[in-house]
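Here is how names work: the chains are called A, B, and so on, in the same order as the sequence lines, proteins then strands, and each is numbered from 1. Keep in mind it's a predicted model, so treat the numbers as computed, not measured.
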4 protein chains.
Amino acid sequence: MTPIERHGADTPDANRPLRADARRNRARVLEAAEAVFAAEGVGASTEAVARRAGVGIGTVFRHFPTKEALLEAVLVARMRALVAHARAAAQGGEPGPALFGFLEHVIEQSATKNAFADALSGAGVDVTEVVGDVRGELLAAIEVLTAQAGAAGALRGDVGAAEVIAVAVGASHAAMWAPDAKIRATAVGVILDGLRKMA
Amino acid sequence: MTPIERHGADTPDANRPLRADARRNRARVLEAAEAVFAAEGVGASTEAVARRAGVGIGTVFRHFPTKEALLEAVLVARMRALVAHARAAAQGGEPGPALFGFLEHVIEQSATKNAFADALSGAGVDVTEVVGDVRGELLAAIEVLTAQAGAAGALRGDVGAAEVIAVAVGASHAAMWAPDAKIRATAVGVILDGLRKMA
Amino acid sequence: MTPIERHGADTPDANRPLRADARRNRARVLEAAEAVFAAEGVGASTEAVARRAGVGIGTVFRHFPTKEALLEAVLVARMRALVAHARAAAQGGEPGPALFGFLEHVIEQSATKNAFADALSGAGVDVTEVVGDVRGELLAAIEVLTAQAGAAGALRGDVGAAEVIAVAVGASHAAMWAPDAKIRATAVGVILDGLRKMA
Amino acid sequence: MTPIERHGADTPDANRPLRADARRNRARVLEAAEAVFAAEGVGASTEAVARRAGVGIGTVFRHFPTKEALLEAVLVARMRALVAHARAAAQGGEPGPALFGFLEHVIEQSATKNAFADALSGAGVDVTEVVGDVRGELLAAIEVLTAQAGAAGALRGDVGAAEVIAVAVGASHAAMWAPDAKIRATAVGVILDGLRKMA
DNA sequence: GATGAATGAGCTTTCATTCAT
DNA sequence: AATGAATGAAAGCTCATTCAT
């Protein structure tokens, strides 16, 4: 129905760099969505997100054509941040602390905001499908951390990146569920200890 | 939110004798609710529950005055089952296997059905408030298991019942997130290893 | 998902005779829909229909799960009325007047309310699909009228029921379009004359 | 509703010179609108029209300040084409064939695209109001054809231009409704026969 | 003049909850 | 007690229209 999509003719590049204000609004909406969903759960209304972002509903739907798309975008954004963090950690000093520092960061974040993904999966969204590319990137980034830590003798031999992620997800939830800071610290400590090289 | 939930059990005549068929219906609804919410998430409609239970909606609401009340009842029922399981385990043979066997049961269950609680907490319900009595009972039952295992030298010294529960919650989620059986087994193993006595 | 749909056990017959008040409401909604869509076009809101019927929106959607379903139901109802009228006409006296009287009735009705179907087809609904059974019944009923009139020498030899319907649809629109009564009468007369036996 | 539509034509410099590209865009939009509305009904979105025309929405609204204005413009354009066709026909050879050829053209067009006007009238727009001038022109052009055909004895004596138009509208709809080509041909034939001189 | 991002009223649809039967 | 029809407040989403770029 849109044969050529030619609508500028002299616009330098085809797939729209997105006007400056549009870009700004998109970011604001994403931010607002993250905050609102973290605070009220995925059941929060799209209007609430719009209000928080200070834009009209129409704007939210222009950028994310579906509520699910918005949810996905939030998830992807969060994962992208994790990827960046993991890469930075891999660059840093000692392998062991690099990996465990990263994990603690993940857990901390999840604990205050909301768990790795599961408000989504609880709502019936197939998380795996959604995150596509990013999932691969995250896996790769963690693979590096894992390999380094393994080589340095700081990590159990039988675990790879996938296992580390699963364990991190678990630790996040343990942290969320723990009724107080002391219990939280112990529980997380226990779980992470499970990852360390056994004597 | 509905503290006076306490229904029957050992008060043979008191509050509500509850006609035989009414009792049966209550049970059917609860069962249906568990199945439906497990399958479709907490967003599933109350009508779907009624349909599955083979009763009219009116009946569902007669027994559980609110959708939230129904959700809570499901959660409480599941925890009650855990309590029973934990007590049975404590009666059995060796302390170490008793505790870890129980934990594996919990994790397995959560993994196939759905996590310990969090569809609820994802929906903004304060789980801690809700479960009131049962939470105490579960804690007590696990305390017994924990103490026995600790005395037998099968459990890290610095963890009590609360920590064990948090770790179990974590392990459940690790299991749910793991993409395949092999990774699931390793991740759960790692976490439970964290609980064992360190050399 | 609804294995048996057993919800009465002693309700005499299975597929719900529909409670008395429900039946009444369904009829009211249908009537209201006919009036509202006739007056404001198919673009009229479902709420307007509910208001006119004196019921809540929910009730409209309980009976007709979709706006399209409501539209279809209106169309089917109207066609059913035509079928009844055609059958009655076939019972009556002379074949020629029976057919042409019926056609005039159809045209008159369409002219005041709105055309045979096309607000729908204008809205992209595939009318043919929708009316299924009724279409067949109408065709059959008109077939009878047509055959009788043909035998009586009051109808052109080369037209059957389908052609008669098409011509009636045409005449309805001619009537709707005509700017005044005199022109309307002449135009309709011209078209119906086309159907009569040529000398 | 936009009476001052009168644009250019024989006023070479007056109201708006209208830049060359603007003129081109106006035409493109009109064309696109005709195609889109024909294909998807009047419910089609203005954006769809813009997309099809290869312009931004803003441009559509600059030329036609309202969706209704756009709809009207499409209708007027179509009628203008008919006027031209009618005038050409009047110039041609024998009166009878001239009139009936014209009518067949009208019917054919309507049948493939969509009926004379009624998606509009179905949407609650008062078509008569809208077309103002053009309606008069069309009437006049057909008056000529009618008079010629009448004088040549090829047309019933009691019908004038208005009746012919009404009948043409009817025939268009008969054609649209007919389920197959054979029935369509017969039904249209019947209606047009009604217009011919009776023996 | 052209563009397309922003707007928000309005629409369809769902669902917890109530209440006459 | 049980039923299921009725209710109406949201929710998600669309689209004509405006206006800064």
Next on the checklist: E:dG1, OP1 or OP2 - any side-chain N/O from D:His63 closer than 4.0 Å?
Outcome noted: no

Item to check | Length of the line joining C:Arg26:CZ and F:dG4:C1', which is rounded to integer Å | outcome: 17 Å

Checklist outcome for this item: Closest non-hydrogen contact found for B:Arg52 with B:Ala32 is CG-CB, 3.5 Å

Checklist entry - Just to confirm, is there a sub-4.0 Å distance from OP1 or OP2 of E:dA16 to any side-chain nitrogen or oxygen of B:Thr46? => result yes

Checklist entry - Which residues pass the side chain to side chain contact (heavy atoms under 4.5 Å, CB included) test with A:Arg26, sequence neighbours left out? => result A:Leu18, A:Leu30, A:His63, A:Phe64

Checklist entry - For A:Arg51, which residues count as a side chain to side chain contact (heavy atoms under 4.5 Å, CB included) partner, sequence neighbours excluded? => result A:Glu47, A:Ala48

Checklist entry - Rounded to the Å, how far apart are B:Asp21 CG and F:dT3 C1'? => result 13 Å

Checklist outcome for this item: All stems that DNA chain E takes part in, i.e. 3 or more consecutive Watson-Crick or G-U pairs with distances under 3.5 Å, are E:2-21 with F:2-21

Next on the checklist: Less than 4.5 Å apart, side chain to side chain, heavy atoms only: is that true for C:Val29 and C:Leu70?
Outcome noted: yes

Checklist entry - Of A:Glu47 and C:Thr66, whose nearest nucleotide on DNA chain E comes first from the 5' end? => result A:Glu47

Next on the checklist: Let me confirm one number: the CG-CD distance from D:Leu75 to D:Glu34, rounded to the nearest 0.5 Å.
Outcome noted: 9.5 Å

Checklist entry - Are A:Arg62 and E:dA5 close enough that a side-chain N or O sits under 4.0 Å from OP1 or OP2? => result yes

Item to check | Members of residues 49-61 of chain C that approach DNA chain E, where some heavy atom sits under 4.0 Å away | outcome: C:Ile57, C:Phe61

Checklist entry - Can you name the side chain to side chain contact (heavy atoms under 4.5 Å, CB included) partners of A:Arg24, sequence neighbours left out? => result A:Asp21

Item to check | Phosphate-side-chain proximity, B:Asn25 and F:dA1, N/O vs OP1/OP2 below 4.0 Å | outcome: no

Checklist outcome for this item: Taken in chain and number order and not counting sequence neighbours, the residues that satisfy side chain to side chain contact (heavy atoms under 4.5 Å, CB included) with C:Ala44 are C:Val36, C:Phe37, C:Glu40

